[in-house]
Amino acid sequence: MLKINFVCHGNICRSPMAEFIFKDMLKKQGRENEFSVCSMATSSEEIFMGVGNPVYPPAKKILNEHGISCDGKRATQVKKSDYENYDLFICMDSNNIRNILRIFGSDPENKVKKLMDYTDRKTDVADPWYTGNFTVTYNDICEGLEGFLKSYKTKTVD
């Protein structure tokens with residue numbers, strides 16, 4: 001079972017969207033037993049007194065529009081010790097990669113990836129916190145996840 005942790009800055013928009021879209025994709029394909037999936041933040045900005053904020057309402061809304069629930073999800077932050085607990089950390093943008101590498105210190109097993117690197121575009125996932133456009137973000141995430149699954153089916157994940 002491949003253990004994947006999707007990562008963004010606050011764990012209230014993009015990474016939980018990726019987590020729950022991916023879980024939905026896996027369920028529809030009957031592949032949920034191949035992966036263990038979660039999401040986390042590189043910052044503690046959405047965590048107060050040990051309790052993370054829930055998924056941002058517009059992110060939750062677009063998931064619900066696609067029949068995907070993220071109920072009960074709360075922001076959590078990546079810790080250095082998490083490096084040993086996951087096979088892949090799939091980040092939403094280049095800043096997330098920089099920040100997670102600061103947390104881990106290094107990436108000796110090449111576990112840190114960027115979601116859109118599994119596509120032909122090799123860009124960052126649009127950040128709806130700044131753009132306000134959750135549809136573009138949803139589409140970016142779906143494209144990246146489809147690319148990841150295609151890559152995973154045809155070769156080992158590098």
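Along the sequence shown, the residues carry numbers beginning at 1.
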Take Leu88 and Asn5, measure what side-chain contact (heavy atoms from CB on, under 4.5 Å) needs, and give me the verdict at the end. CA-CA 6 Å; Leu88 283 175; Asn5 189 332; over 6 Å; no
Dump the intermediate steps for side-chain contact (heavy atoms from CB on, under 4.5 Å) on Met25 and Glu146, then the final yes or no. CA-CA 9 Å; Met25 287 177 156; Glu146 288 166 4; 3.6 Å; yes
One pair to check against side-chain contact (heavy atoms from CB on, under 4.5 Å): Trp129 and His9. What are the steps and the verdict? CA-CA 10 Å; Trp129 188 259; His9 183 76; over 6 Å; no
Test side-chain contact (heavy atoms from CB on, under 4.5 Å) applied to Ile4 and Phe148, step by step: CA-CA 11 Å; Ile4 300 176; Phe148 170 76; 3.7 Å; yes
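A pairwise comparison of heavy atoms in Pro128 and Cys13 identifies CG-CB, 4.1 Å as the closest pair. Between Ile100 and Cys91, the shortest heavy-atom distance links the atoms CG2-SG, 4.1 Å. Closest approach of Thr42 and Ile103 over heavy atoms only: O-CD1, 3.6 Å. In plain terms, the two heavy atoms of Ala75 and Gly10 that are nearest each other are CB-O, 3.5 Å.
Chaining together hydrophobic side chains whose heavy atoms lie under 4.5 Å apart leaves Met1 on its own. Hydrophobic clustering, defined by side-chain heavy atoms of Ile, Leu, Val, Met, Phe, Trp and Tyr closer than 4.5 Å, leaves Val51 isolated from every other such residue.
If you chain together hydrophobic residues whose side chains sit under 4.5 Å apart, Met92 and Phe20 fall into the same group. Residues Tyr118 and Ile97 fall into different hydrophobic clusters, defined by Ile, Leu, Val, Met, Phe, Trp and Tyr side chains chained together at heavy-atom separations under 4.5 Å. Ile62 is connected to Ile21 through a chain of hydrophobic side-chain contacts under 4.5 Å among Ile, Leu, Val, Met, Phe, Trp and Tyr, so both are in one cluster. Note: the hydrophobic cluster containing Leu115 also contains Phe22 (ILVMFWY, side chain heavy atoms under 4.5 Å, direct or indirect links).
Pairs passing the salt bridge (charged side-chain N to carboxylate O under 4.0 Å, His left out) check and including a residue from residues 11-21, sequence neighbours excluded, read Arg14-Asp93, Arg14-Asp127, Glu19-Lys23, Glu19-Lys73. Applying the side chain to side chain donor-acceptor pair (under 3.5 Å) rule to pairs touching residues 76-89 yields Tyr83-Asp107, sequence neighbours excluded.
For Lys122, the side chain to side chain donor-acceptor pair (under 3.5 Å) criterion is met by no residue, not counting sequence neighbours. Legend: residues meeting side chain to side chain donor-acceptor pair (under 3.5 Å) with Asn64, ordered by chain and number and at least two apart, are absent. Remark: Lys114 pairs with Ser94, Asp124 by the side chain to side chain donor-acceptor pair (under 3.5 Å) rule, at least two apart or across chains. Annotation: side chain to side chain donor-acceptor pair (under 3.5 Å) contacts of Glu65 (sequence neighbours excluded): Lys61. Residues that satisfy the side-chain contact (heavy atoms from CB on, under 4.5 Å) test with Asp71, not counting sequence neighbours, are Lys60, Ser69. For Arg31, the side-chain contact (heavy atoms from CB on, under 4.5 Å) test picks out Leu26, Gln29, Glu34, Phe35, Leu149, Tyr152, Lys153, with sequence neighbours left out. Residues passing the side-chain contact (heavy atoms from CB on, under 4.5 Å) test with Ala41, sequence neighbours excluded: Asn11.
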Please list every donor-acceptor pair under 3.5 Å in which a side-chain atom of residues 137-144 meets a protein atom from a residue at least two apart or in another chain.
residue : atom : partner : partner atom : Å
Thr137  : OG1  : Ala126  : O            : 2.8
Thr137  : OG1  : Asn133  : O            : 3.4
Tyr138  : OH   : His66   : ND1          : 3.3
Asn139  : ND2  : Thr135  : O            : 3.3
Asp140  : OD1  : Arg121  : NH2          : 2.7
Asp140  : OD2  : Ala126  : N            : 2.9
Glu143  : OE1  : Arg121  : NE           : 3.2
Glu143  : OE1  : Arg121  : NH2          : 2.8
Glu143  : OE2  : Arg121  : NE           : 3.3

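Checked against Met17 for a side chain to side chain contact (heavy atoms under 4.5 Å, CB included), the options Ile68, Ile12, Leu63 give a single hit: Leu63.
Interatomic distance, CZ of Arg102 versus CG of Asn99, reported as 5.5 Å (0.5 Å rounding).
By the neighbour-count criterion of 12 heavy atoms within 6.0 Å, atom OH of Tyr130 is sparsely surrounded, having that number or fewer from other residues, nucleotides or ligands.
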